[in-house]
2 protein chains.
Amino acid sequence: MTPPRKAAATRKSRPPGQGRKPAISRQDVVDAALKLLGPHRSVATLSLREVARAANIAPNSFYRQFKSIDDLAVALIEQAGESLRDIIWKARSRITEGESVIRTSVETFLQQLQSDQHYLHLLLREGAVGSAAFKHAVERQLEFFEKELQIDLIRLASASKTPIHNADLVSRAITRLVFSMATSAVELPATLHPKLIDDTTEMINMIMVGTQTLAQSQK
Amino acid sequence: MTPPRKAAATRKSRPPGQGRKPAISRQDVVDAALKLLGPHRSVATLSLREVARAANIAPNSFYRQFKSIDDLAVALIEQAGESLRDIIWKARSRITEGESVIRTSVETFLQQLQSDQHYLHLLLREGAVGSAAFKHAVERQLEFFEKELQIDLIRLASASKTPIHNADLVSRAITRLVFSMATSAVELPATLHPKLIDDTTEMINMIMVGTQTLAQSQK
DNA sequence: GCTATTAATATACAACTGTATTTTATTTCG
DNA sequence: CGAAATAAAATACAGTTGTATATTAATAGC
């Protein structure tokens with residue numbers, strides 16, 4: 001379908017001198033890889049030739065876009081991160097009502113996971129396997145998530161006069177928890193998703209109550 | 001009356017009919033695979049031939065011990081689970097003092113991770129990639145961990161008169177958190193481990209305070 | 001000793017992998 | 001146009017993979 005957003009031009013567009021016009025773009029290769037992947041297929045199992053086949057290019061043409069499969073994987077992760085940031089944004093815009101911030105966010109997150117352009121799964125599962133560059137790329141995206149969450153938490157705290165203790169740890173813990181639970185969701189039948197949402201919400205709630213209690217007792 | 005019998009074989013003792021004596025055991029193959037693995041090598045990258053080579057057997061002899069590489073992987077996970085249970089036991093025996101239960105446990109966990117017989121890493125990282133059987137095996141070991149933790153939590157709660165709310169969710173959340181943080185530890189230089197222990201301890205502390213506060217407010 | 005039974009190896013094969021080298025196609029500029 | 005430059009494909013190669021089939025080795029019971 002439509003890739004969520006055009007990837008920021010990581011490569012500067014070369015000055016169009018003379019020569020043959022490129023027939024395929026980096027994004028074409030990424031899209032081909034994405035078609036191969038899915039909730040149950042790991043990026044580690046992709047071979048260069050297979051991706052090239054899916055993109056309808058000769059094996060060697062792959063090298064013109066990426067220097068290796070790992071390079072491709074990193075690009076995939078970065079796009080997944082963008083997709084994730086979209087989701088956060090969506091969740092935020094759905095709040096504002098009198099509803100529970102936590103629950104709404106968790107729901108949005110898991111809904112997006114189901115609708116699935118194969119993006120999120122990469123971030124969920126593959127942070128601990130693969131090349132160093134790959135792992136680092138995943139770590140970076142998670143940190144973005146944590147950062148944004150932390151800002152939200154602080155804003156929320158000052159708005160509702162409920163103090164917060166160690167906002168950085170809170171956001172980190174919540175991030176880890178949500179990602180871990182979401183990973184389980186992928187393997188679960190959809191009928192159990194509501195319970196998983198309940199559970200996750202409750203876990204986060206514990207952390208929030210905990211940090212608030214600690215903040216008050218230290219005042 | 002019972003005739004003296006030879007001690008039970010390691011795994012499946014096959015009825016000792018006639019025929020050639022086995023030269024290698026399942027465990028030999030597992031050990032060979034373990035030597036290949038390590039904190040930065042995923043089980044997904046093991047090939048049957050490579051394992052056979054490491055075990056000094058012909059590729060086809062592998063099939064006598066395991067029906068596939070996935071089968072081997074499941075066996076690895078189960079042994080990792082046993083190792084994990086040893087760690088828990090060790091952590092428990094180190095408590096009893098007046099020290100913090102949480103901190104001592106987290107410390108023991110991470111120390112074991114460093115000393116490393118390559119076992120734990122499997123459980124930490126690979127729960128979301130690989131075959132369905134493999135993922136299920138990992139999930140099962142994590143559930144063991146959760147179960148034991150839950151029992152501990154309940155015992156602790158009734159001993160210290162501090163009530164606990166949703167002990168199952170608490171143990172699940174803590175398990176996920178610890179595993180996630182431990183996964184990060186593997187990639188981190190050892191100098192940062194103390195901070196990571198501090199952080200993890202604090203996160204767990206938040207959850208504990210949260211559940212206790214909730215339990216009291218609901219009384 | 002002979003034979004049945006099992007264990008392990010040897011050989012073979014087709015498929016696939018990553019990449020080096022060569023060839024062809026297409027475009028732009030002088 | 002023709003030359004230069006670039007993109008893509010074609011060809012080739014050495015390596016690995018999983019497994020099917022056939023062969024050899026060793027043991028236990030008769």
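Per chain, numbering begins at 1; letters A, B, ... match sequence-line order.
Take B:Lys21 and apply the salt bridge (charged side-chain N to carboxylate O under 4.0 Å, His left out) test, not counting sequence neighbours, and it matches no residue. Partners of A:Asn56 by side chain to side chain donor-acceptor pair (under 3.5 Å), not counting sequence neighbours: none found. A:Glu143 meets the salt bridge (charged side-chain N to carboxylate O under 4.0 Å, His left out) test with no other residue; sequence neighbours excluded. With sequence neighbours excluded, no residue forms a salt bridge (charged side-chain N to carboxylate O under 4.0 Å, His left out) with A:Arg53. Residues passing the side chain to side chain donor-acceptor pair (under 3.5 Å) test with A:Gln150, sequence neighbours excluded: none.
We find that CD1 of A:Ile57 is positioned 14 Å from P of C:dT19, with the value rounded to whole Å. Whole-Å rounding puts the B:Ile24 CD1 to D:dA26 P distance at 16 Å. The distance between atom CZ of A:Arg26 and atom P of D:dA8, rounded to the nearest whole Å, is 14 Å. Look at NZ on B:Lys21: it is 16 Å from C1' on C:dT5, rounded to the nearest Å. C:dC16 atom C1' lies 16 Å from atom CZ of A:Phe62, rounded to whole Å. The CZ atom of B:Arg20 sits 6 Å away from the P atom of D:dA26 (whole-angstrom rounding). Rounded to whole angstrom, the span from the CD atom of A:Gln65 across to the P atom of D:dT6 amounts to 16 Å.
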A:Val74/A:Phe66 under side chain to side chain contact (heavy atoms under 4.5 Å, CB included): CA gap, chis, key distance, verdict: CA-CA 10 Å; A:Val74 169; A:Phe66 300 96; over 6 Å; no
Show the distances under 3.5 angstrom between N or O atoms of the protein and N or O atoms of nucleotides 16-20 of chain D.
| from | atom 1 | to | atom 2 | distance (Å) |
| --- | --- | --- | --- | --- |
| D:dT17 | OP1 | B:Ser47 | OG | 2.7 |
| D:dT17 | OP2 | B:Arg53 | NH2 | 2.5 |
| D:dG18 | OP1 | B:Leu48 | N | 2.8 |
| D:dG18 | OP2 | B:Leu48 | N | 3.1 |
| D:dG18 | OP2 | B:Arg49 | N | 2.9 |
| D:dG18 | N7 | B:Arg49 | NH1 | 2.4 |
| D:dG18 | O6 | B:Arg49 | NH1 | 2.7 |
| D:dT19 | OP2 | B:Tyr63 | OH | 2.3 |
| D:dT19 | O5' | B:Tyr63 | OH | 2.9 |
| D:dT19 | O4 | B:Arg49 | NH1 | 3.0 |
| D:dA20 | N6 | B:Asn60 | ND2 | 2.4 |

Do any N or O atoms of the protein come closer than 3.5 Å to N or O atoms of nucleotides 1-3 of chain D, and which pairs are they?
none

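Sorted by first and then second residue, the ring pair (Phe, Tyr, Trp, His ring centres under 6.0 Å) pairs involving residues 183-205 of chain A (not counting sequence neighbours) form an empty list. For residues 194-206 of chain A, every residue pair satisfying the salt bridge (charged side-chain N to carboxylate O under 4.0 Å, His left out) rule, not counting sequence neighbours, is listed here: A:Arg103-A:Asp198, A:Lys195-A:Asp199, A:Asp199-B:Arg172.
For the pair B:Arg64 and C:dA7, the criterion of a side-chain N or O lying under 4.0 Å from OP1 or OP2 is met.
With 3.5 Å as the limit, one finds no donor-acceptor pair spanning the side chains of B:Glu82 and B:Gln141.
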